[in-house]
Every structure is written in C-alpha cells, then in structure tokens.
Amino acid sequence: MNHSLPVFAAESNESAPVVLVIHGGAGVISKEEMTPEKEKAQLAALTESLQAGHAILKTNGTSLDAVMAAIKVLEDSPLFNAGRGAVLNSDGVVELDAAIMDGATRKAGAVAAVRLIKNPIEAARLVMEKSRHVMLVGEGAEAFAKGQGIAIMPQDYFITEHRKKQLERIQKEQKQAPKPQSFRQKEQTTDLVGTVGAVALDRHGNLAAGTSTGGMANKKPGRVGDSPIIGAGTYANNATCAVSATGHGEYFIRAVVAHDISAIMEYKGLSLSEAADLVVKKELVEFGGEGGLIAVDRKGNITMPFN
C-alpha cells in the first residue's frame with residue numbers, strides 16, 4: 001500500500017502574506033508498518049514543525065529562520081528519515097545530507113555524508129553564512145560544525161531499532177531475490193526514498209528552501225543524493241520560487257528538478273503549478289524518477305506535485 005506522508009501549509013491573512021510548507025518525505029510505507037499510533041505521532045511531529053516555523057514568520061521573522069526551525073523539529077524526531085532515526089547505509093551507519101538556500105541573495109549552504117552532526121540543516125546554514133563555500137562533506141563538514149559550536153552526537157544517537165530491522169530485512173531480501181532483470185527492478189527493493197523539507201515566504205518578500213535527509217536505505221557508504229545538491233533537491237530564487245524535493249535522488253540530480261522549475265517559470269512564463277507539474281509529472285517520469293516536491297512562489301502560491 002502506497003502512502004505519502006502528509007504535507008502541510010500555513011499562511012497568514014495579514015496584508016503581506018507569509019507562507020510555510022513542509023513535507024515529511026515520500027516513500028512506500030506498508031499498511032502493517034503505518035499503525036494508527038505511528039501515524040498519530042508523525043502528524044504530531046509535522047504539526048510541531050509547522051508551528052515552529054510559522055511562529056517565526058508571523059512575528060516578522062525571516063524565511064531562512066522559519067525553514068531551519070521547521071526542519072530541526074523533524075531532524076530531532078526519530079520518526080523521519082533525517083537526523084535521529086534516519087535510514088542506515090549498507091554498513092549499518094547513518095550518513096546525513098542537508099541544504100538551505102536564501103532566495104534573496106541566492107546564497108546556499110550544504111553538508112553531505114556527515115555522521116555526527118545532530119542538526120545537519122543548522123550546519124548547512126553555517127556553511128552558507130560562515131564559510132566561503134557552498135558544500136562541505138564528511139569529516140571536514142563535521143570539523144567545521146564542531147568549530148562553529150554545533151551539537152555533535154555519537155553515532156548511536158541517530159540509530160533506532162526500527163532502522164536496524166529495516167536494514168536487516170532489505171539485505172535479507174536482496175540475498176534471497178533472483179538476479180534483477182534491470183537496474184530499475186533492483187531499485188524498488190531498497191526502500192530508497194524519504195526526506196524532510198520546508199519552503200517559506202516571509203513578510204519581507206523573501207523566499208527560502210531547506211531539505212534534510214538520511215538518503216537511501218542500504219546505500220553505499222559515501223552516496224550523496226539530491227537533497228544537498230543546489231538546483232536538484234533544494235533551490236530558492238526570489239524572482240521565481242523556493243523548492244524542496246523528495247524522491248529518488250539520482251533522478252532528481254540528473255533532471256536538475258528544483259532549478260528546472262524556476263527556469264521554466266522565468267523563461268517560459270509558466271505559473272508555479274504549471275512548471276512543477278511539467279517537471280514532476282512529465283520530465284521526471286520520462287527519466288524514470290519517482291517522488292515529489294513542495295514549492296512556493298514569490299506571490300505565496302503553493303504547489304505539491306507528486307508522481
């Protein structure tokens with residue numbers, strides 16, 4: 001049974017609109033795994049995330065602050081594939097990716113393949129604001145984060161019993177399964193998607209986007225998906241829109257999904273929903289990519305296409 005986790009949007013009725021949209025990932029969740037108790041807990045965490053970000057926006061805070069606050073709540077929850085509770089790679093280790101982008105300046109920051117940073121979205125923002133780089137990875141990113149006073153946690157903090165069992169099941173299924181007829185058939189056995197993200201428009205008219213993930217379950221150590229790749233899984237430009245994607249990262253990278261939506265709006269004059277539908281439901285499908293995204297434009301319009 002296919003379920004996509006709920007997506008929420010909150011907006012203000014003040015003269016200058018504020019908008020916040022969040023997502024808790026897209027993936028295949030079995031009916032047995034999605035118990036009423038778990039669904040209730042996930043809805044509570046998503047609501048807390050939305051409220052944390054919206055509280056900043058409604059008091060004239062920035063879209064960057066709102067996006068980071070919303071995502072940190074989901075990174076701290078063990079129920080999502082980001083931060084604590086993220087999926088395990090093939091070695092049984094959590095490796096995390098995150099990115100954030102400021103639509104006003106088009107500055108961006110990202111971290112990838114980090115194992116010890118409690119809130120990767122916070123580290124990504126510091127890369128943007130406190131370094132001359134856009135992306136730091138692995139031990140270098142962790143050393144930078146530690147130097148900036150970011151919370152560093154032991155690997156055990158991130159690993160949950162649920163994810164251990166998930167990895168065991170996936171690896172057992174792979175050993176027992178006949179040799180796949182195609183790469184695509186092989187992919188579908190790995191519970192490969194799930195990400196959290198947020199996009200926002202603040203009262204100053206500025207857009208921001210952020211995404212955080214543990215990536216693909218049973219991935220090879222060092223694998224990096226689309227979430228920290230600016231223009232693929234995360235993008236913001238005040239002239240067009242802010243986008244946070246979730247899905248099979250390899251395809252989102254190849255299709256440059258987030259930037260493509262912005263470019264289509266800018267060069268073709270399409271609306272946000274028209275551009276997003278074209279990319280997610282046509283171009284991405286032609287690539288063979290599965291997933292979706294959340295986006296908001298400079299006027300506060302939102303869209304949430306999913307294929």
Derivation and outcome, side-chain contact (heavy atoms from CB on, under 4.5 Å), residues I22 and H54:
CA-CA 11 Å; I22 65 170; H54 191 242; over 6 Å; no

Test side chain to side chain donor-acceptor pair (under 3.5 Å) applied to Q166 and R169, step by step:
CA-CA 5 Å; Q166 179 191 46; R169 174 179 57 79; 5.9 Å; no

Could you walk me through whether S90 and Q171 pass the side-chain contact (heavy atoms from CB on, under 4.5 Å) check?
CA-CA 8 Å; S90 59; Q171 293 183 336; 4.2 Å; yes

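Closest approach of A45 to V73, counting heavy atoms only: O-CG1, 3.8 Å. Nearest heavy-atom pair, S244 versus H23, reported as atom, atom and distance to 0.1 Å: OG-NE2, 3.1 Å. In plain terms, the two heavy atoms of K281 and P305 that are nearest each other are CE-CB, 4.1 Å. Smallest separation of non-hydrogen atoms from A70 and S49: O-OG, 2.7 Å. The shortest heavy-atom contact between K58 and R203 is O-NH1, 3.3 Å. Residues V199 and A209 come closest through the heavy atom pair CG1-CB, 3.9 Å.
Contact of the V257 side chain with the D226 side chain is not registered, since no non-hydrogen atoms from C-beta on lie closer than 4.5 Å. With a 4.5 Å cut-off on side-chain heavy atoms, L293 and I261 count as touching. With a 4.5 Å cut-off on side-chain heavy atoms, D102 and E129 do not count as touching. E95 places a side-chain heavy atom less than 4.5 Å from the side chain of K219. Proximity of R163 to F158: side-chain heavy atoms (C-beta onward) are nowhere separated by under 4.5 Å. In this structure, V196 and S212 have side chains that are in contact, with non-hydrogen atoms separated by less than 4.5 Å. Side chains of K164 and L88 form a contact here, defined as non-hydrogen atoms less than 4.5 Å apart. Counting heavy atoms from C-beta outward, L20 and V18 have side chains that stay 4.5 Å or more apart.
Under a cut-off of 6.0 angstrom, the local environment of CD in E139 is sparse, with at most 12 non-hydrogen atoms contributed by other residues, nucleotides or ligands. Atom CZ of R106 has 12 or fewer neighbouring heavy atoms from other residues, nucleotides or ligands inside a 6.0 Å radius.
Not a single donor-acceptor pair under 3.5 Å links the side chain of R125 to the backbone N or O of G109. Judged by distance alone, the side chain of T234 and the main-chain N or O of S227 form a donor-acceptor pair under 3.5 Å. Side chain of E290 to backbone of H248: no donor-acceptor contact under 3.5 angstrom is found. Of the possible donor and acceptor atoms, none in the side chain of D202 sits under 3.5 Å from a partner among the backbone N and O of T62. Without hydrogens or angle criteria, E142 side chain to R115 main chain gives a donor-acceptor distance under 3.5 Å.
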Could you list the donor-acceptor pairs under 3.5 angstrom formed by side chains in residues 262-280, with sequence neighbours left out?
from	atom 1	to	atom 2	distance (Å)
S262	OG	T240	OG1	2.7
S271	OG	S273	OG	3.3
S271	OG	E274	N	3.2
S271	OG	E274	OE1	3.3
E274	OE1	S271	N	2.9

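Judged as a ring-ring contact (aromatic ring centres under 6.0 Å, His included), and not counting sequence neighbours, F252 has no contacts. Residues passing the side chain to side chain contact (heavy atoms under 4.5 Å, CB included) test with A86 are N81, V94, L96, sequence neighbours excluded. N119 is linked by a side-chain hydrogen bond (donor to acceptor under 3.5 Å, both in side chains) to E75, D76, counting only residues two or more places apart in sequence or in another chain. For E122, the salt bridge (Lys or Arg N to Asp or Glu O under 4.0 Å) partners two or more places apart in sequence, or in a different chain, are K72.
Applying the side-chain hydrogen bond (donor to acceptor under 3.5 Å, both in side chains) test to every pair with at least one member in residues 296-307, sequence neighbours left out, gives these pairs: D297-N301.
Hydrophobic cluster membership is shared by I159 and Y157, with clusters built from Ile, Leu, Val, Met, Phe, Trp and Tyr side chains linked at under 4.5 angstrom. M128 and L136 fall into different hydrophobic clusters, defined by Ile, Leu, Val, Met, Phe, Trp and Tyr side-chain heavy atoms under 4.5 Å apart, directly or through other members. Taken together through direct or relayed side-chain contacts under 4.5 Å among Ile, Leu, Val, Met, Phe, Trp and Tyr, V93 and L167 form parts of separate hydrophobic clusters. Transitive grouping of hydrophobic side chains (ILVMFWY, heavy atoms separated by less than 4.5 Å) keeps L207 and Y235 in distinct clusters. Taking hydrophobic clusters as Ile, Leu, Val, Met, Phe, Trp and Tyr residues chained together by side-chain heavy-atom distances below 4.5 Å, L50 shares a cluster with M68.
The pair K172-E168 does not meet the salt-bridge criterion, since no charged nitrogen lies less than 4.0 angstrom from a carboxylate oxygen. Note on K282 versus E286: salt bridge recorded, some NZ/NE/NH1/NH2 to OD/OE distance being below 4.0 Å. Under the 4.0 Å criterion applied to side-chain N and carboxylate O atoms, E250 and R223 are assigned as salt-bridge partners.
Atoms NE2 and SG, from H259 and C241 in turn, are 9.5 Å apart once rounded to the nearest 0.5 Å. The distance from atom NZ of K165 to atom OG1 of T160, rounded to the nearest 0.5 Å, is 10.0 Å. To the nearest 0.5 Å, atom CE of residue M101 and atom CD1 of residue I230 are 6.0 Å apart. Note: L74 CG to T195 OG1 = 11.5 Å, rounded to the nearest 0.5 Å. Rounded to the nearest 0.5 Å, atoms CG (L43) and CD (E48) are 13.0 Å apart. Residue I121 holds its CD1 atom at 11.0 Å from CG of L126, rounded to the nearest 0.5 Å.
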